[in-house]
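Shown next, in structure tokens, is the structure this report addresses.
Only a predicted model underlies this, so the values are computations on that prediction, with no experimental measurement involved. Order of appearance sets the numbers: ligands from 1, and atoms from 1 within every ligand.
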Amino acid sequence: MSRLIVISNRVSAGGGAQGGLAVALTAALREMGGIWFGWSGDVTEEFSGHISFRRRGGVTTATIDLEEQDVAEYYDGYANRTLWPLFHYRIDLAEFERDFAGGYQRTNERFADTVAPLIEPADVVWVQDYHMFPLGAELRKRGLKNRIGFFLHIPWPPRRLLVTLPEAPDLVRALLEYDVIGFHTEEWLQSFCDYARDELGGTIDGHDLLTLGDRTVRLVACPIGIEAKEFAELATQDVARETCERVIGSAVGRALIVGVDRLDYSKGLEERFLGYERFLSEHPEERKEVVLLQIAPPSRGSVDSYQRIRSTLEGLAGRINGAHAALDWVPIRYVNQGYSREVLAGVYRASRVGLVTPLRDGMNLVAKEYVAAQDPANPGVLILSRFAGAAEQMTDALLINPHSAEEIADAIRQALRMPLDERIRRWRALMDGVLEQDVFWWGRRFTDALMAEPVEAA
Ligand code: ADQ
């Protein structure tokens, strides 16, 4: 059987508070076997290409250190200051610097130089995310004939936004060197087709084959899931149960509304606080019946826009608490910390409402974790932004436009008043989807497409 070689910017350290991508890939690699290659997260004075191999959590990892300039230009620069904001429709935050683009290309060449010798002819290679758009093309330049796939974890922006990126034509042409390109949703897939067709003259055959010059690539919409069954079980075990009791106890009879996010401007945290504030102002009678618990550990602290969102949110939480708090009640509990998955499962289960309000999100795994952690006999209600990729699947959530404080306020009220039978009906439908299209389903769907017969253009 072919081995799977996963290549991504960061390689999971295993255990603890992992991001959505890390949890998903560890699960896929455990099932299929192979190597996970990427940056160690450490910086070295001069790039050496030295690979550290480790076996952790049932997965073999191979990592390299990068130079400070690589980290500044490739990671903090092009990935986090150019591509991330632009691909989340935040052209106002995107920085366009040739040095960033140059460092991004150089670092991808370094990844390709280092990983190419580890790849055997029968292996299938699966490259992850926007840090690595050019990697497949670089591997082809080094003679690799393997099946190579790419999966994008963030949205693909509309053509009219992408044309602002000077390197966009090169990046899209480089993507055509993959055999399969995966997106979470039809919407992101269609935006990619629009750009390739209208800007570069590509042709679309049927629904999923894109041809540009002498290359034909298969496009798949393949929504990522979670380890749903395991997460649901975790939510009933000791750590989660104790957490759940402690959190419910601390709310002294009030309904908990929970938000869990990396502290990122794409997650709509400011809009969430404003929606909650609107709810408090419009429904003073419900005021002391609820508490919003927002868990948001800081991320990417070296980038200015992340420092700004942190201080904006602290200011907003302070203002709302200042205006509404009573001697025995604070409306927002805002915690800047990461927690283990066990603890998070308990917090989700303790919460009557899961409030997930990204302005744009490739998928959003918190929405799925919230559903998986609920008590089937007394489930909470998911409020979900229609601009999260997850909204394409999770149509039984209360779907809202996060830019509208009124819609958020109305949804909170509807969720808090929802009768048990409706809560159970909605939750059951959501849970069936989360269980069926879990992370193993995602991994299989993508790798099946990757290992299928090579595509021929019509
Ligand atoms: P993220 O932007 O990181 O992922 P998301 O999908 O919600 O967003 O995953 C976040 C993960 O981090 C979840 O598993 C969550 O439990 C965990 N997490 C968040 N806050 C935490 C905390 N305080 N403590 C511990 N864990 C915490 C990117 C894309 C998403 C896409 C995923 C996977 O931006 O759109 O869903 O990749 O493709």
Going by the atom numbers of ligand 1, which of them fall below 4.0 Å from some non-hydrogen atom of [X]?
X    : value
G338 : 22 (C), 23 (N), 24 (N)
V366 : 7 (O), 15 (C)
H184 : 38 (O)
I295 : 23 (N)
V260 : 19 (C), 20 (N), 21 (C)
R341 : 14 (O), 16 (O)
E369 : 13 (C), 14 (O), 15 (C), 16 (O)

Study note, to complete from the structure: Given the options H131, Q105, E167, Y78 meets side-chain hydrogen bond (donor to acceptor under 3.5 Å, both in side chains) only with E167
Would you call [X] and [Y] a salt bridge, using N to O less than 4.0 angstrom?
X    : Y    : result
D238 : R241 : yes
R246 : E242 : no
D438 : K229 : no
D194 : R159 : no
D179 : R218 : no
R272 : D261 : yes

Could you tell me whether [X] and ligand 1 have an N or O pair separated by under 3.5 Å?
X    : answer
G362 : yes
M363 : yes
H88  : no
L365 : yes

Review point. W84 near ligand 1, heavy-atom distance under 4.0 Å?
Key: yes
Review point. Given that the side chain starts at C-beta and the backbone is N, CA, C, O, which of these parts of Q337 lies under 4.0 Å from ligand 1, counting heavy atoms, or is it both or neither?
Key: backbone
**Study point:** Proximity to ligand 1 by part of L344, non-hydrogen separation under 4.0 Å
**Key:** side chain
Review point. Counting heavy atoms only, which of R262, K368, K267 comes nearest to atom 8 (O) of ligand 1?
Key: K267
Exercise for review: Counting heavy atoms only, name the option from D129, D361, L263 that's nearest to atom 30 (C) of ligand 1.
Suggested key: D361
Point to revise | Passing candidate, salt bridge (charged side-chain N to carboxylate O under 4.0 Å, His left out) with R81, options E97, E73, E95 | key: E95
Exercise for review: Using side chain to side chain contact (heavy atoms under 4.5 Å, CB included) as the criterion, point out the one residue from T357, I224, V356 that pairs with N364.
Suggested key: V356
Point to revise | W126 and F446 aromatic ring geometry - parallel, tilted or perpendicular at 30°/60° bounds | key: parallel
